[in-house]
Amino acid sequence: QTTMKISISTAQNSHQGVAIDTFAREVDKRTGGRYKVQTFYSGSLGGERESIEAVQLGTQELAFSSTGPVPNFVPETKILDVPFLFRDKAHARAVLDGPIGQEMLGKFDSKGFKALAWGENGFRHMTNSKRPVTAPEDLKGLKMRTMENPVHVTAYKGLGIVTTPMAFPEVFTALQQGTVDGQENPLSVIMAAKFDQVQKHLSLTGHVYSPCIFVMNKAAFDKLSAADKQAFLDAAKEAVKANRARVDEDDAKGAAELKAKGMQVVENVDKAKFVATLAPINAEFEKQFGKANMDKIRNYK
Amino acid sequence: MTSIMVGTMVLCFALTISVAVSIGLASVLGIQASNANMLISVKEMFGAINKFPLAAIPFFILAGNLMETGGISRRLVEFAKSIVGGVQGGLPMTCVLTCMIFAAVSGSSVATTFAIGAILIPALIKHGYPTSWAAALQATSAELGVIIPPSIPMILYGVSAEVSIGELFIAGFGPGLLIGLALMLFVWAWCKWKGWGKTDGEGRLSFGRATLQASWALLMPVIILGGIYGGVFTPTEASAVAVAYALVVGMVIYREIRLRDLYAILRKSVISSAVIMFIIANAGLFAFLITRAGVPDAIGQWLKEVLQTPFWFLLGVNAALFVIGMFIETSAAIIVLAPILAPVAQHFGIDPVHFGLIMVVNLALGMITPPFGVNLFAACTVARISLDRIVTQLIPFVLVVLACLMVITYVPQLSLGLRDLAYAR
Amino acid sequence: MRNSFLRLERLTSGFAMAAACAMLALASGLGVFQIIMRFVLEQPAEWTEVLIRFSLIWMVFLGIPMAFRQGAMVSVDVLYRWSKPGMRRFLDWMVCIAALALMAVVLWWGWDYARRGEVQSMIGLEDVSMFWAYLAMPVGAVFSAIGIIGNLLDPQRLELETAQ
Ligand code: NA
Ligand code: NA
């Protein structure tokens, strides 16, 4: 029996926890118990960047993570961070499960990873303590904590946001004291971090789609027999199903739950206006990533 | 693997090998024994100190050194003396009160020991107090440095247990005041009993003069706390503000720091910070390995099964932490234990912020319990006496803090009252 | 031999120390700069936080050589204080060998880690590879090894004065 380790940065009871629990169960079932996947939650083995790096180095076999730090390892994935690239979850899932997404998974091979499958972290939404945000004008001058992701930063600046990088452990206090006005994350993260206690307004902007990814150390994967390789890939597929179902569930009740906790929720965001405001920035992105590549994703059916 | 690691560590400690190297070597052997990839050693050492909130450690140490050289610490002492210094035993009370004020600026107890002790221990000796008692008093009072916010151990707990640092800070005021007042009451009574300090009140400034003289020094806690709670900067960034403020006041206003003093101040700060951060790096590696081996989960399960009720859990944890605190450095203990114990505490319905205060106060006590207590080392250095002489004088001080710890443990409102008020729960 | 080594050691430890001081000064300055950029100018910079973190890590690994050199590493020294000179010399050797062993690991694997970090860009400073951050470990290990041997040849125990 071989034991492998997998880790996530969120709690066991989360969309990512469901993913790795399912994965561990499926691997066990599909390999007749010859492979055991040991699960670690809540970043106990390190944050997302550390886990992905651990898989690359081979100090840990597997990780499931949002794609936040992934472009620093595989720059080709940067294109996925472009705002309003995907119409909705169905579109995003179809792209990632289709030839475009599969080709991108192949890009991980040369960096020491075997990317098993795309999962989902959810669409990112904005919260703030100042005013309801329905259109880009409302964002002017809002100090918003963002990830230190160049694509995000460029786009958000284009929307008039004062992008503010900040270590995650400091965000809660910073939101509370008004050091920053707002932040943006998927609903699951907003709820887990209890941002509803310190933020008044939630806008379902869905401005960026945030995928997750199953990564495995390339050498560890290559050591598997052909049948076991298939078993791991299939297990990841099953895990992604569970993961996406949980995201759907969180999305369905998330807004209501946050409303019940006292947040003012703007559901009808003028997305067309956001896209129009971002046009000049998008032209830049098209230059950087290739207009053809972006159109291929946008027009994927 | 875990037994190899713990065994190696204890043996290395006994051989007077430094704490950081002992923990690091034990971890390296642990990796070797479990046939894991040795890259883990450097990866986790780096990862353990690659956290922005930890920047507060070197910054607070630097700020403390700037305040000492720049005359801020001395003026704070005069100010405290003008308030409580008039009675018999007024000087030791001044020591406690100065530490309380200084604690509102500094996040480190040892920084507090050096900054205040450098002035008050010689003064206490001059007024006829036994050297060993003065050192014990200073070491104990400086503990408040990590209990009254800002506080490095609280930041570490917040990061490790994923608890809001701002809430922890607010929750520290109640316990900090309790311990400060208890210590003042204790030294006053002790001096009455021993007949010490009858001349303490002589030569002190009037409250007005002292306040005027110390106005720039007194503005510092206001700026730091005001800045954090006013949303100007984060608790971590506050440490950088402390550096800038101490530098400007010391150089431009008091003119007690000359340009050529700066390199010596930086040097001293670098060595202190590097030593403590290197311990944290190695402790982080150690913690990673035992987490990976599933030890924390096992301990957590064991505590849950053995200690059935919140009452016994808290008593058991306090006893365990007290013993651990005798041997292990506060920061290292928090990094290793907070992720293990906080979830169990939550399982018992204990608020993670309250539990954080219990851990911080208990492990702060570890800074003054031999054989390994950083405050003891620092206070002995300032007082120029050996460790064994301070120990007997310490016992009553430790008992006072232990009594306060029990109150803090079993009266959650003392910690949480202010937080609930501030966070409108 | 002993004296020429100690002369070299003075040079290397002094250099590492100066660099570490520069790193602390830089990090403190950046900390204040970060607040000014966000609160006063309302134009927060993405790169300050990452630079503060990494300059402080460099400070740590360039600062420990002098800490080793001066015997300033915090330790439990009950046994040392109770020992006679012969035993003390034995303990000095143990302390030296243990520290050198750890530094050998940090040097060998730290260099390997740094090389592997070349393919990873820094979050917040996308044009720089992680090599430059990880490099602090092997470089610090080399300086530390020299300082550790220096302390064996010419023992100092300044631990008490710098403990935090
Ligand atoms: Na403090
Ligand atoms: Na202790």
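Since this is a predicted model, take the numbers as computed values, not measurements. When reading the values below, keep in mind they use all heavy atoms of this one structure, side chains included, and skip hydrogens, waters and symmetry mates.
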Using modelled atom types only, decide if a donor and an acceptor are shared between the side chain of A:Glu61 and the backbone of A:Lys5 within a distance under 3.5 Å. yes
Is the side chain of A:His207 donor-acceptor paired with the backbone N or O of A:Arg124 at a distance under 3.5 Å, no angle test? yes
NZ/NE/NH1/NH2 to OD/OE distance under 4.0 Å, C:Asp92 and C:Arg88: no
Does atom CD of C:Glu118 have more than 12 heavy-atom neighbours, drawn from other residues, nucleotides or ligands, at distances under 6.0 Å? yes
Pairs of heavy atoms under 4.5 Å with chain C: top-ranked of A:Pro69, A:Pro165, A:Gly68, A:Pro75: A:Pro165
Less than 4.5 Å to any heavy atom of chain C: does that hold for the side chain of A:Met166, its backbone, both, or neither? both
Assess the side chains of A:Glu284 and A:Asn282: does a donor N or O sit below 3.5 Å from an acceptor N or O? no
Structural part of A:Thr146 lying under 4.5 Å from a heavy atom of chain C: neither
Among A:Phe86, A:Tyr209, A:Phe84, ring-ring contact (aromatic ring centres under 6.0 Å, His included) partner for A:Phe123: A:Tyr209
Is any NZ, NE, NH1 or NH2 atom of the basic residue among C:Asp154 and C:Arg69 found under 4.0 Å from an Asp or Glu carboxylate oxygen of the other? yes
Tell me whether C:Phe5 at atom CZ has more than 12 heavy atoms from other residues, nucleotides or ligands lying less than 6.0 Å away. yes
What part of A:Lys157 gets closer than 4.5 Å to chain C, counting heavy atoms only: side chain, backbone, both or neither? side chain
Between A:Ser66 and A:Glu48, a side-chain donor and acceptor under 3.5 Å: yes
Which one, C:Arg38, C:Gln43, C:Gln34, C:Arg53, leads in non-hydrogen pairs under 4.5 Å with chain A? C:Arg38
Which residues in residues 121-148 of chain C have any heavy atom lying under 4.5 Å from a heavy atom of chain A? C:Ser121, C:Met122, C:Ile123, C:Gly124, C:Glu126, C:Met130, C:Tyr134
Below 4.5 Å from any heavy atom of chain A, which atoms of C:Gln120 appear? Answer side chain, backbone, both or neither. both
